[in-house]
Amino acid sequence: MFKGVYSWIDERLDITPMWRDVADHEVPEHVNPAHHFSAFVYCFGGLTFFITVIQILSGMFLTMYYVPDIVNAYYSVEYLQTKVAFGQIVRGMHHWGASLVIVMMLLHTLRVFFTGSYKAPREMNWVVGMLIFFVMLGLGFTGYLLPWDNKGYFATKVSMEIADTVPYIGPYLKELLQGGTVVGAQTLTRFFAIHVFFLPGALLALLGAHFFMIRRQGISGPL
Amino acid sequence: MAHGKSKDEKVVYVGDSRVKQKVNDITPLDYSSYPGKSEAFIPNFLLKEWMVGCVALVAIFVLTISEPAPLGYPANPNNTGFVPIPDWYFLFLYQFLKYPYAAGSYVVIGTVLIPGLAFGGLLLAPFLDTGKERRFYRRPIASSLMILSLLSCVYLTKTAWDGYKHEIAELNITPEHIEREEKAREAALAGKPAGQPKPNKSIAIVDKDDPAFANMKKAGCLACHATDMKGASGPALLGIGDTMNKDQVLDVIKNGKGNMPPMVDSAKAQGLNDEDIEHIADWLAKQKAAQ
């Protein structure tokens with residue numbers, strides 16, 4: 001049955017070459033922990049992606065309850081945390097996942113760095129990976145404000161003061177991020193839009209490029 | 001193409017689409033023909049990866065169930081005593097900006113120069129370290145720079161965290177997310193609502209003609225709490241009776257709270273007596289939202 005459906009689609013759309021590009025490749029011995037246990041260091045990239053998927057899924061569920069305005073934001077998070085079935089777990093996964101994704105990404109970056117995998121011909125993939133790192137930090141930064149509790153509010157206020165000290169563009173940068181002269185209603189909606197639409201869009205595009213390049217070039221060889 | 005397929009055509013398409021008709025099935029490559037002990041990603045390796053994923057997922061579940069995500073009190077821009085702290089992965093920068101050579105008139109060093117050099121160097125690493133050697137112990141400059149930056153980030157993060165712990169211990173502050181959780185638990189055990197009361201600005205003043213209201217104006221209370229009691233530099237007093245009883249209100253009037261000074265003396269200077277003040281507390285305790 002399954003094969004019949006696949007053949008039916010394949011005849012019309014010829015998806016086999018695409019499918020083979022995505023999934024059909026061999027895993028070399030030197031990155032396979034089944035052969036060399038120390039190869040577990042090659043798992044961190046996959047785990048980063050796994051947690052990113054968790055972040056996207058849990059984030060999608062959080063937006064079902066979250067209200068991005070300064071009157072209701074805190075109370076919607078509190079409601080989600082205390083009243084909604086499994087809300088505490090969904091928010092907990094998003095909260096801890098945000099930290100774990102940074103940890104995994106750091107470990108992945110260090111693996112790539114210390115195995116010299118960023119060298120020619122993989123320079124572009126390293127640059128894209130670093131851009132992913134910055135996007136992730138941006139996601140962490142904007143997400144911190146969203147519960148609209150004192151912690152997020154005052155951390156954002158401090159960050160805005162830091163942005164303000166950048167020469168020439170600082171004050172403009174601050175006002176652009178804040179959406180006004182103070183951290184307030186506009187800042188929250190702005191951070192929400194950046195956190196939920198702009199940065200995830202950029203993240204998905206960069207991840208696509210990252211994976212395209214790794215499939216195209218293959219993983220770097222043994223040392 | 002709309003005229004049907006001709007058997008003589010070398011390339012035959014599916015219907016009038018641009019997808020080519022398959023002549024025969026492509027047989028997948030046999031991985032035993034690859035050198036070394038490589039194995040197929042699907043399904044062999046994916047099944048093992050799947051197990052790693054399951055272990056990671058269980059670990060995250062254990063973490064989320066044992067340590068709920070923190071949530072403090074609603075943001076209050078007038079709160080002057082709050083000790084700000086960023087998320088842990090920004091602590092290194094936060095600490096760095098506290099040092100005199102990266103703050104004040106040298107703040108550009110801390111906000112632009114050093115982070116720019118560090119992140120710029122990281123971003124452009126493949127173009128700075130162009131040698132063919134990949135083993136880290138044969139690339140002493142790149143490796144030692146990375147190890148040094150890592151160690152300094154760890155050091156800065158730890159110093160920032162210790163500093164924060166020390167600061168809140170000195171100010172005798174419990175972090176709000178811990179305080180809120182404890183109070184919510186106590187309230188829930190006592191059968192009271194555990195959530196934060198939502199400020200409701202449409203609450204009416206109860207018994208507006210009571211002399212207490214005029215006395216409050218006289219004593220200067222409404223200079224901060226606003227003449228309609230909706231709050232200005234001080235919090236709103238509308239519906240205050242829902243959260244405080246008479247004794248608690250009287251305590252705030254006598255001893256102050258946060259930025260609010262004790263008000264008894266200034267009230268007496270305006271000609272109020274103890275009875276008037278007690279009556280104000282009594283009247284405020286009657287200010288309930290649900291009437």
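In what follows, chains carry the letters A, B, and so on, assigned in the order in which the sequence lines appear, proteins first and then strands, with residues in each chain numbered from 1. Below, each value reflects all heavy atoms present in this structure, side chains not excepted, and no hydrogens, waters or symmetry copies. Computed from a predicted model, the values in this text were never measured in an experiment.
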Name the region of [X], side chain, backbone, both or neither, that has any atom closer than 4.5 Å to a heavy atom of chain B.
| X | answer |
| --- | --- |
| A:Y75 | side chain |
| A:V71 | both |
| A:F40 | neither |

- Comparing B:F61, B:Y73, B:Y137, B:F136 against chain A, the one with the most heavy-atom pairs below 4.5 Å turns out to be B:Y73

- Flag the one option from B:I147, B:D129, B:L46, B:T130 with the top tally of heavy-atom pairs under 4.5 Å to chain A. B:D129

Counting only heavy atoms closer than 4.5 Å, note whether [X] contacts chain A via side chain, backbone, both or neither.
| X | value |
| --- | --- |
| B:S143 | both |
| B:L71 | both |
| B:P197 | backbone |
| B:N44 | neither |

Per-pair distances, 0.1 Å, donor-acceptor, side chain in residues 45-55 of chain A, under 3.5 Å, sequence neighbours excluded:
residue: A:T48; atom: OG1; partner: A:F44; partner atom: O; Å: 2.7
residue: A:T52; atom: OG1; partner: A:T48; partner atom: O; Å: 2.6
residue: A:Q55; atom: NE2; partner: A:H94; partner atom: O; Å: 3.1

- Query: Between A:K157 and A:E161, is there a salt bridge with N-O shorter than 4.0 Å?
  - Reply: no

- Message: Only pairs of heavy atoms separated by less than 4.5 Å count here; which of A:R122, A:R91, A:Q88, A:H30 has the most with chain B?
- Response: A:R91

- Highest number of heavy-atom pairs under 4.5 Å with chain B: which of A:L106, A:V90, A:T156, A:V127? A:V127

- side-chain contact (heavy atoms from CB on, under 4.5 Å) partners of A:T109, counting only residues at least two apart: A:W126, A:M130, A:F133

